[in-house]
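Reckoned from all heavy atoms, side chains included, excluding hydrogens, waters and symmetry mates. Atoms within each ligand, like the ligands themselves, are counted from 1 in listed order.
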Amino acid sequence: MKSFKKVYIEITSICNLACSFCPPTSRQASFIKIEDFAHILDQIKPYTQHIYLHVKGEPLLHPKIGELLDISHEKGFKVNMTTNGTLIPKAKHKLLGKSALRQINFSLHSFDGHPGSENRAGYLEEIFAFAREAVKSGTIISYRLWNLTEDLETNLAKSRNRETLEFLEREYGLDYRIEEKVLRGSGIKLTDKVFVNLEHEFGWPSLDAPEDDGHGFCYALRSQAAILADGTVVPCCLDGEGVINLGNIHRTPFSEIIEGERANNLFDGFSRRQAVEELCRKCGFRQRFGA
Ligand code: SF4
Ligand code: SF4
């Protein structure tokens, strides 16, 4: 039987920002219903204990985020969340103290990625204040700057990130510049339970992208699967448009979907180091894993 390190559950397809590097979804705007979320958890329970509450939308837009966390806890899941952090002032009381909340990733690159962003200091201060509280109940905080575009040194020395990094250095009383410690692909520990993670900007896979020979590997359906806000099951968190539609969890049991023909073809293909899906042959993430 397949088992997953994590399953992504998109609780809304809507985002309050429009980052330049994030193509907007053409899927219907929706919020997951409480009963549908509970149904999904029951379906995936035999396969994982870790859920990630996003694929494309902004999870803190969900008005019932507190209830979703409570249900996750009742059903024995640990929750990881990735947010742009702009709604923390409004949503923090729904998050603090929730036992299910294992980790929150703050996509700080969204500040510079969204053309209308204002007041970097205010934005970061709200997030830092929240983080100070959240770590007390054991939640891990990870700050992400996934917007490096050139070679690491040039980028960090000259870019807009320096300003954000300065705020982080001040907040955590660091006596070094964060870029001095950067190792791509691994986080830097700032203090107990708090990390910063710098990465190159990644392109969402798209059917419009050029195709390569399809050689390579991906952990989709080996360590992860994802479920979009309307219940569509896809193999990975990068299929934000539901191109590799494996079935709908509200119509077909999850157990059948992940053992279906399309799912098994994808899985067996990667066992042979071959991407059988067109989207996978156009996906930079697969190329990143190498052959
Ligand atoms: S990158 Fe994140 S914050 Fe930016 S538009 Fe996409 S989902 Fe929203
Ligand atoms: S290769 Fe890319 S699109 Fe295909 S399953 Fe893996 S992450 Fe998803």
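With a 6.0 Å cutoff to the six-membered ring centre and a 45° limit on the axis angle, Arg170 counts as a cation-pi contact of Phe167. In this structure, Lys64 fails the cation-pi test against Phe31, since its NZ or CZ atom is not both closer than 6.0 Å to the six-membered ring centre and inside 45 degrees of the ring normal. Tyr47 does not carry Lys2 over the face of its six-membered ring by the limits of under 6.0 Å from the centre and within 45° of the normal.
Inside a sphere of radius 2.8 Å centred on atom 8 (Fe) of ligand 1, the protein N/O/S atoms present are Cys15 SG.
The Phe21 neighbourhood of ligand 1 comprises atoms 1 (S), with distances under 4.0 Å to a heavy atom of that residue. Shown in contact with Ala220 at under 4.0 Å from a heavy atom are these atoms of ligand 2, numbered in order with element: 5 (S).
Atom 8 (Fe) of ligand 2 lies at 2.8 Å or more from every N, O or S atom belonging to Cys237.
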Inset, instruction - Tell me, with the steps shown, if Phe267 and Tyr219 meet ring pair (Phe, Tyr, Trp, His ring centres under 6.0 Å). - result: CA-CA 9 Å; Phe267 185 95; Tyr219 286 98; over 10 Å; no

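For Tyr8, the ring pair (Phe, Tyr, Trp, His ring centres under 6.0 Å) test picks out Tyr52, His54, with sequence neighbours left out.
Residue contacts with ligand 2 for Cys218 involve side-chain atoms from C-beta outward but no N, CA, C or O (heavy atoms, distance under 4.0 Å).
Per-atom contact check: atom 2 (Fe) of ligand 1 does not touch the protein, criterion being a heavy-atom distance below 4.0 Å.
Side-chain atoms of Ser271 and Arg222 form a donor-acceptor pair, as typed in the model, at a separation below 3.5 Å.
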